[in-house]
Amino acid sequence: NTEVTPIGKGLWQTATGGPTNFKIYAADPEQGQIGFIGVIENEKKPTIASVRLKVENGKITEIDHMVVPAGDNPLNPNMSKVRPGLVERQPKAERVTYDDMKRIANLYYEAIIQDNGNVAPFADECQRRENGGISANDQTQTPEEAAKDDFSVFRKMKCGEQLSTNVMSYITDINRRRIFAVDKEMGLVFAFSVFVHDGNPKVMKINGVPGVTERKNDYGPFDLPAAHIFKIRNGKLHEIEAIGYMAKHGIKNGWE
C-alpha cells in the first residue's frame, strides 16, 4: 500500500490464507511480469488484494502488494466468483498486438480524464466492477435498490456513455500509471495507477442525463491507489475489474 516494506513485514505477517476461488492472473513472460487481483485471507478476514511480481533470471526482483482494508462490511457477493471472460483463454482470431493492448488500456484512463467515453474502444457489453460492485452497465438493480442509490442512473449506463456525462469529472488526474503485464493468450492487461482528486469542482455539470443537470462533489481531496485488469477482445474493452482504496491526498506510490 505504497509503503516501502522489508520482506517479512507487512502482508507477510498479516496474511492468514491464500487465494480463494476469486483470482485473476495476467502473466507476461516476455517482460517477466505477473499481476494478480483476487481475494485472500488477511487477519482472518476475506480481503481484496493485488500483487505484482517482476522476475529476472529466475528470481523475484520487485514486488507490489496492494490490500484493500477489509473494514466491517462483508465483501461484495461479486467477489466470490470471477466473470468467465476474465479467465477464458483468448481465441487467436480475437487477439490484438502487444502494443495495441497497452495502448487500449491507457486509453481507458484517458477517457476518464477527458470525460469522453469515445476516447477508448468500449464494447457495448463492457461492464466495470470496482471492489466487486458494478459501477457501469449494471442491469441487476431492482427498482427498490435504485431508489436508494443516487448513482443508479449512471450505474446502468454503458461504460463509454457514462464517462461522457461528466460524472467522473471530480477525478483530477490518473498518474503513476504502470502497465506491467500484457497477457496475449488471455487477452488481459494488468496495471497499477493512482487516481488523484483535488476536491474540485465542487459541483459537477452533468451532460445528457434527463432530469440530472448537476451533482455535488463532497469527497474533498484524496488519492486512490488502484489496480486494474482489462479484458481486450477484437480491439475493444470488455470486462474491467478494478480494486482500490482511499488514501491521503499527495501520496507517493512507493517507487518514487
Side-chain angles (χ1 to χ4, degrees), residues 18-40 47-56 58 60-68 75-112 120-137 158-160 174 177-193 225-244:
T20 66
N21 289 331
F22 191 97
K23 48 181 179 280
I24 312 165
Y25 297 94
D28 187 341
E30 294 179 22
Q31 302 298 318
Q33 304 262 19
I34 186 165
F36 162 88
I37 288 178
V39 176
I40 64 169
T47 303
I48 303 169
S50 183
V51 177
R52 164 253 171 183
L53 303 179
K54 170 71 173 176
V55 179
E56 297 178 281
I60 297 170
T61 59
E62 294 180 1
I63 303 169
D64 274 287
H65 287 165
M66 192 172 80
V67 182
V68 179
L75 293 186
N76 188 293
N78 289 329
M79 298 304 289
S80 62
K81 186 177 181 180
V82 180
R83 287 175 281 174
L86 289 164
V87 290
E88 290 175 350
R89 189 176 299 276
Q90 190 88 310
K92 289 186 177 180
E94 296 181 1
R95 298 178 189 178
V96 297
T97 67
Y98 188 99
D99 288 343
D100 277 345
M101 289 180 72
K102 289 187 71 173
R103 179 182 60 82
I104 290 168
N106 198 54
L107 285 175
Y108 168 77
Y109 298 122
E110 289 300 315
I112 296 174
F122 293 104
D124 283 345
E125 65 271 26
C126 172
Q127 186 181 82
R128 187 179 76 246
R129 295 187 182 182
E130 299 172 355
N131 291 346
I134 303 173
S135 53
N137 206 356
K158 295 179 181 180
C159 289
I174 306 172
R177 304 178 197 176
R178 297 179 292 151
I179 297 174
F180 288 121
V182 176
D183 191 327
K184 292 185 290 186
E185 288 192 21
M186 299 298 292
L188 300 177
V189 178
F190 173 88
F192 276 121
S193 60
H228 284 75
I229 286 183
F230 306 100
K231 182 77 171 194
I232 299 171
R233 294 198 292 274
N234 293 318
K236 292 190 175 183
L237 289 157
H238 287 257
E239 293 83 4
I240 300 172
E241 198 75 39
I243 70 169

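A quick note: this is a predicted structure, and the numbers were derived from the prediction, not measured.
Annotation: Lys236, atom NZ; neighbour count of heavy atoms from other residues, nucleotides and ligands within 6.0 Å does not exceed 12. In this structure, Lys158 places its NZ atom where only 12 or fewer heavy-atom neighbours from other residues, nucleotides or ligands lie under 6.0 Å away.
Listed for the Lys54 side chain is a donor-acceptor partner under 3.5 Å among the backbone atoms of Gln31. Looking at Gln33, its side chain never comes within 3.5 Å of a backbone N or O of Ala26 through a donor-acceptor pair.
Side-chain contact between Phe230 and Ile104: absent, with no pair of heavy atoms (C-beta onward) separated by less than 4.5 Å.
In this view, Ile60 and Leu53, Val55, Ile63 satisfy the side chain to side chain contact (heavy atoms under 4.5 Å, CB included) rule, not counting sequence neighbours. For Glu94, there are no salt bridge (charged side-chain N to carboxylate O under 4.0 Å, His left out) partners at least two apart in sequence or on another chain. Scored by the salt bridge (charged side-chain N to carboxylate O under 4.0 Å, His left out) test, Arg233 finds Glu239 as partners (sequence neighbours excluded). Qualifying side chain to side chain donor-acceptor pair (under 3.5 Å) partners for Asn131, counting only residues two or more places apart in sequence or in other chains: none. Applying the salt bridge (charged side-chain N to carboxylate O under 4.0 Å, His left out) test to Asp64 and every residue at least two apart in sequence or in another chain returns Arg52, Arg178. For Arg177, the side chain to side chain donor-acceptor pair (under 3.5 Å) partners at least two apart in sequence or on another chain are Asn106, Glu110. For Lys184, the side chain to side chain contact (heavy atoms under 4.5 Å, CB included) partners are Glu30, Tyr98, Met101, Val182, not counting sequence neighbours. Evaluation of the side chain to side chain contact (heavy atoms under 4.5 Å, CB included) rule for Met66 yields Asn1, Ser50, Phe192, Pro225, Ala227, Ile243, Tyr245 as partners, not counting sequence neighbours. Listed by chain and number, the residues in a side chain to side chain contact (heavy atoms under 4.5 Å, CB included) with Asp100 are Val96, Thr97, Arg103 (sequence neighbours excluded). Not counting sequence neighbours, Phe22 has no partner by the ring pair (Phe, Tyr, Trp, His ring centres under 6.0 Å) test. In terms of the salt bridge (charged side-chain N to carboxylate O under 4.0 Å, His left out) criterion, Glu125 has no residue partners (sequence neighbours excluded).
Taking every heavy atom of both residues into account, Leu188 and Lys231 meet most closely at CD2-CD, 3.5 Å. Between Cys126 and Leu237, the shortest heavy-atom distance links the atoms CB-O, 3.4 Å. Val189 approaches Ala105 most closely through the heavy-atom pair CG1-CB, 3.8 Å. Contact detail for Pro121 and Leu107: the closest heavy-atom pair is CD-CD1, 4.2 Å.
The list of salt bridge (Lys or Arg N to Asp or Glu O under 4.0 Å) pairs with a residue in residues 127-137, not counting sequence neighbours, reads Arg128-Glu130.
In this structure, NE2 on His228 lies 5.0 Å from OH on Tyr109, to the nearest 0.5 angstrom. The distance from atom OG1 of Thr61 to atom CD of Glu56, rounded to the nearest 0.5 Å, is 4.0 Å. We find the CD1-CG distance between Ile229 and Leu86 to be 7.0 Å, quoted to the nearest 0.5 Å. One distance of note links CG of Asp183 with CD1 of Ile232; it measures 11.0 Å at 0.5 Å rounding. Distance check, rounded to the nearest 0.5 Å: CD1 of Ile24 to CE of Met186 gives 9.5 Å.
Taking the six-membered ring where the residue is Trp, Phe36 and Tyr25 present tilted rings, their angle falling between 30° and 60°.
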Practice item. For Arg83 and Glu241, run salt bridge (Lys or Arg N to Asp or Glu O under 4.0 Å): C-alpha distance rounded to whole Å, both residues' side-chain angles, the deciding distance at 0.1 Å, then the answer. Key: CA-CA 9 Å; Arg83 287 175 281 174; Glu241 198 75 39; 2.7 Å; yes

